[in-house]
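Along the sequence shown, residues are numbered consecutively beginning with 1.
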Amino acid sequence: MKLPLLPAVSARKPGKRQMEALDTVLAEGTLDLVFQPIFEVATGEVFGYEVLTRSPSSAFKGPEALFSAATRAGMVGELGRLQRSLAINGALGNPLFINVHPAEFDSPFLVQPDDPIFRHSEDVFLEVTESAPLSHFEQCISVLGELRKKGIQVAIDDFGAGFSNVKYIADLAPDIVKLDRELMSQVHHGSRQFRLLTSIVRLCKDMGARVVAEGIETTEEYVIAEHAGVDFCQGYLLGRPSKVATGESWQPSS
């Protein structure tokens with residue numbers, strides 16, 4: 001799920017239908033999740049899974065609307081905790097990439113010692129959209145610092161989408177940077193865009209972060225990403241989201 005930017009919306013609470021749907025989701029745990037594999041380029045093996053949320057009710061047009069409504073209702077902390085609990089239970093024994101909504105940095109749930117992410121046996125990477133520090137910078141740094149002390153790792157998601165500030169990489173010191181799909185779109189080997197892509201990958205690595213190329217849909221894109229030096233790839237070419245966290249090794253056909 002690509003979580004929305006912290007919206008500049010009114011404080012008006014969701015309507016009755018959405019509030020009832022939110023109450024049902026939280027009371028019954030009826031949040032739909034799927035898992036998309038992320039592959040290690042060097043081995044072709046599955047490295048971990050990104051958790052993607054699907055809207056559980058027709059009251060919401062998608063996960064963005066669901067989390068936006070939960071934010072306005074003051075329930076985003078509870079919804080995020082439910083998402084993490086279902087993710088952990090649905091992918092035991094696998095590293096997980098879990099999106100965190102920007103508004104959750106104002107919630108106490110993430111740093112609670114009984115949060116589900118702390119009982120997962122494998123690595124957990126919290127994905128923070130590049131926009132989150134814009135409105136929650138100090139709180140974001142503080143919360144992520146506390147989580148890191150407990151073994152949680154950090155990934156910057158959608159890096160390169162729209163306005164990019166490479167200072168975020170220095171400030172947040174992510175373990176992984178996930179490159180936005182647009183950086184891979186229509187890139188040709190040797191082109192100026194390919195040189196830009198390669199420079200961004202090198203910059204991330206120089207700052208201590210491994211790199212994921214997102215949205216890989218063709219063999220050509222995979223080869224470009226590999227030549228650019230990324231560590232991991234994710235996209236429909238390699239594996240589509242599934243209700244079960246399973247994925248086979250993958251290598252591009254010759």
Novice: Is the shortest heavy-atom distance from the side chain of Met19 to the side chain of Met75 under 4.5 Å?
Specialist: yes
Novice: Where is the tightest heavy-atom contact between Arg84 and Glu104, given as atom of each residue plus distance?
Specialist: NH1-OE1, 2.9 Å
Novice: Could I get the full list of ring-ring contact (aromatic ring centres under 6.0 Å, His included) partners for Phe35, not counting sequence neighbours?
Specialist: none
Novice: So Asp32 and Ser55, do their side chains get closer than 4.5 Å, heavy atoms only?
Specialist: no
Novice: What orientation do Phe97 and Phe125 show, parallel under 30°, tilted 30 to 60°, or perpendicular over 60°?
Specialist: parallel
Novice: Looking at Ser57 and Phe60, would you say the former's side chain and the latter's main chain have a donor-acceptor pair under 3.5 Å?
Specialist: no
Novice: Does Tyr236 sit in a hydrophobic cluster with other residues, and if so which ones, taking ILVMFWY side chains as linked at heavy-atom separations under 4.5 Å, directly or through other members?
Specialist: none
Novice: Contact between Leu31 and Leu79 at the side-chain level, heavy atoms closer than 4.5 Å - yes or no?
Specialist: yes
Novice: With a cut-off of 3.5 Å and sequence neighbours excluded, list every side-chain donor-acceptor pair involving residues 192-200.
Specialist:
unit_1: Gln193; atom_1: NE2; unit_2: Ser185; atom_2: O; d: 3.4
unit_1: Arg195; atom_1: NH1; unit_2: Gly190; atom_2: O; d: 3.0
unit_1: Thr198; atom_1: OG1; unit_2: Phe194; atom_2: O; d: 2.9
unit_1: Ser199; atom_1: OG; unit_2: Arg195; atom_2: O; d: 2.9

Novice: Is His101 reaching over with its side chain to a backbone N or O of Glu64, donor-acceptor style, under 3.5 angstrom?
Specialist: no
Novice: So, do Glu214 and Leu183 sit near enough that their side-chain heavy atoms are less than 4.5 Å apart?
Specialist: no
Novice: May I ask you to decide if Glu127's main-chain N or O and Asn99's side chain share a donor-acceptor pair within less than 3.5 Å?
Specialist: no
Novice: For the backbone of Asp231 and the side chain of Glu40, can you confirm whether one donor and one acceptor N or O come within less than 3.5 Å of each other?
Specialist: no
Novice: Does Arg181 reach the main-chain N or O of Gly215 with its side chain, forming a donor-acceptor pair under 3.5 Å?
Specialist: yes
Novice: Does Arg81 use its side chain to pair, donor to acceptor, with the backbone of Gly77 at less than 3.5 Å?
Specialist: no
Novice: Can you name the closest pair of heavy atoms from Val212 and Ile38 and give their distance?
Specialist: CG1-CG2, 4.3 Å
Novice: So, for Ile141 and Asp171, which heavy atoms are closest and what is the spacing to 0.1 Å?
Specialist: CD1-O, 3.5 Å
Novice: Determine whether Val51 and Leu86 make a side-chain contact, defined as any pair of heavy atoms from C-beta on separated by less than 4.5 Å.
Specialist: no
Novice: Any sub-3.5 Å donor-acceptor pair from Lys178's side-chain atoms to Gln234's backbone N or O?
Specialist: no
